There are 2 protein chains.
Amino acid sequence: MTSYPNISGILLAIDCIIFGFDGKDIKLLLIKRNFEPQKGSWSLMGGFLEANENLEDGATRILHDLTGLKNIYVEQLGVYGNVQRDPVTRTVSVVFFALINIDDHSEEAVKLHNASWISLDQRPSLIFDHNEMVYKAIEHLRYKAALHPIGFELLPEQFTIPQLQKLYEAIYNTPIDRRNFSRKLLSTGLLIDTGIKNAHSATKKAALYKLDTARYKEKFNSFWNFMPDSMENGVRI
Amino acid sequence: MTSYPNISGILLAIDCIIFGFDGKDIKLLLIKRNFEPQKGSWSLMGGFLEANENLEDGATRILHDLTGLKNIYVEQLGVYGNVQRDPVTRTVSVVFFALINIDDHSEEAVKLHNASWISLDQRPSLIFDHNEMVYKAIEHLRYKAALHPIGFELLPEQFTIPQLQKLYEAIYNTPIDRRNFSRKLLSTGLLIDTGIKNAHSATKKAALYKLDTARYKEKFNSFWNFMPDSMENGVRI
DNA sequence: GCAAAAGTGTTCAAATTACACCCATGG
DNA sequence: CCATGGGTGTAATTTGAACACTTTTGC
């Protein structure tokens with residue numbers, strides 16, 4: 001048996017939802033399309049899966065194309081395949097969720113693709129079902145960051161606890177008590193004090209920490225039970 | 001623009017991981033293939049996505065085919081698309097995760113497909129990457145059931161608290177304190193006492209409860225913080 | 001020396017755990 | 001009447017929430 005009878009192929013696309021954090025807001029890397037279809041509209045960065053390419057490799061390729069980065073934190077977020085989601089022809093899209101340190105991206109690559117970093121609350125409407133994908137990604141970020149230490153993926157290698165707090169406040173769009181936050185984070189044992197103080201500060205300089213990567217891997221799957229409600233859905237069909 | 005240039009289609013399959021609970025063990029509905037490829041081997045129930053079919057509709061179709069049921073709890077679990085995963089031809093599979101009340105399935109449909117309910121710890125090795133899919137599904141079941149009230153999907157409409165406890169003990173393969181479990185479950189406010197007592201019992205008859213569906217929907221997305229560790233992975237690529 | 005941000009401590013309430021006792025049922 | 005499983009209570013511990021004071025820095 002060398003083929004399946006009477007089955008025809010479907011176009012497989014990959015779309016990437018790329019989150020960054022600028023110290024104040026959670027941002028998305030979106031592109032203003034200078035190509036068809038829907039030239040001029042905003043969309044996620046995407047592309048077609050190549051003939052001899054694994055899904056994750058396709059995502060890696062597309063992420064590298066837009067950011068110049070390798071070794072990005074990526075998860076599969078889901079597949080979108082409604083019959084009429086792409087008006088050109090039937091296309092099924094595998095969506096990937098990526099977190100990067102916003103300082104590391106390649107400015108040239110971003111410019112080349114006509115992309116911009118846009119705050120979540122200022123994001124334009126996107127083509128096709130990309131709005132739905134982004135909505136799900138934001139929910140996933142909230143869900144996952146409440147339970148696992150993925151926040152660090154959005155920060156530079158060295159960071160202060162106040163920075164980390166601002167990140168979580170941005171993710172959940174809610175103020176957090178400084179003292180409880182600090183205590184909780186330090187108690188995870190995930191942070192290593194570098195002994196250095198943050199230079200960029202007009203007042204008291206905060207201590208710079210780095211992630212204990214060994215402990216991070218070890219503890220990645222133990223729950224944090226950190227933030228208030230967020231969600232994930234099961235669909236009843 | 002009515003087509004994309006130079007892009008060729010890929011076969012899209014759907015595979016379903018179907019969990020049941022017989023009062024003692026968590027079981028999987030698996031099929032012993034009486035068709036090619038890999039005739040005689042065990043696999044998940046699957047099929048190809050049809051030309052004008054949405055993904056969820058495909059899953060619904062396949063689940064109905066095998067169980068005779070509609071309105072099953074289903075979630076997308078992920079996509080598997082490694083280039084060589086299917087030796088016949090390149091196929092990308094969208095995997096769905098389903099929970100059903102084992103008493104409701106159609107025996108004829110199951111027999112027709114040469115399928116059986118098999119306990120997790122007795123499951124045979126499966127074809128292709130189906131073992132990996134099942135492994136991920138079990139992890140997902142543990143993860144999700146610790147945080148959301150999905151356990152009820154595996155039970156009959158009316159159930160006792162000891163039954164519910166056996167279910168969670170089976171999911172986590174660990175004993176749970178009877179008294180604390182009962183208190184915690186009742187405190188969720190999700191259970192309605194039917195006033196009826198369980199007939200099938202040689203000793204004291206347990207109270208039968210049913211799910212408060214309104215409250216279930218309302219509280220589905222609030223965390224439970226229920227069970228001990230389980231996991232979910234982010235892939236670093 | 002003062003405004004602004006960082007670091008640390010204490011108290012109270014709530015949730016979780018670890019236990020022990022009594023009740024209903026069928027044989 | 002007794003073995004089996006179901007139902008409920010309580011004390012000890014742990015965890016989380018709320019809140020106040022001191023320190024460092026640049027101007």
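In the text below, chain A, chain B and the rest are named by the order of the sequence lines, each starting its count at 1. Keep in mind it's a predicted model, so treat the numbers as computed, not measured.
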Which whole-number value in Å describes the distance from [X] [atom1] to [N] [atom2]?
X	N	atom1	atom2	value
A:K197	C:dA6	NZ	C1'	9 Å
A:L185	D:dG16	CG	C1'	15 Å
B:L208	D:dG7	CG	C1'	15 Å
A:R178	D:dA20	CZ	P	12 Å
B:D177	C:dA15	CG	C1'	15 Å
B:F181	C:dT17	CZ	C1'	16 Å
B:H200	D:dT4	NE2	C1'	18 Å
A:K184	C:dG7	NZ	P	19 Å

message: Suppose we call a contact any N or O donor and acceptor under 3.5 Å apart; does that hold for the side chain of B:R179 and the base of C:dA20?
response: yes

field: Basic-acidic side-chain contact under 4.0 Å: A:R179, A:D177
entry: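 So A:R179 pairs with A:D177 through a salt bridge.
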
message: For the OG atom of B:S93 and the CE atom of B:M133, what is their distance to the nearest 0.5 Å?
response: 4.0 Å

field: Parallel, tilted or perpendicular: ring planes of A:Y172 versus A:Y168, cut at 30 and 60 degrees
entry: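 Parallel.
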
task: Name the residue closer to the 5' end of DNA chain C, choosing between A:K205 and A:N180 according to the nucleotide with the nearest heavy atom.
output: A:K205

query: Between A:A206 and B:S201, which has a closest nucleotide on DNA chain C that is more 5'?
result: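 Counting from the 5' end, the first nearest nucleotide belongs to A:A206.
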
message: Using the side-chain heavy atoms of A:R183, tell me which of these nucleotides is nearest: D:dT4, C:dG7, D:dA17.
response: D:dA17

message: Heavy atoms from C-beta onward define the side chain here; which of C:dA6, C:dT25, D:dT10 lies closest to that of A:K204?
response: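 Of the candidates, C:dA6 comes closest.
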
statement: When A:F96, A:F97, A:Y73 are each screened for ring pair (Phe, Tyr, Trp, His ring centres under 6.0 Å) with A:F19, the one that passes is A:F97

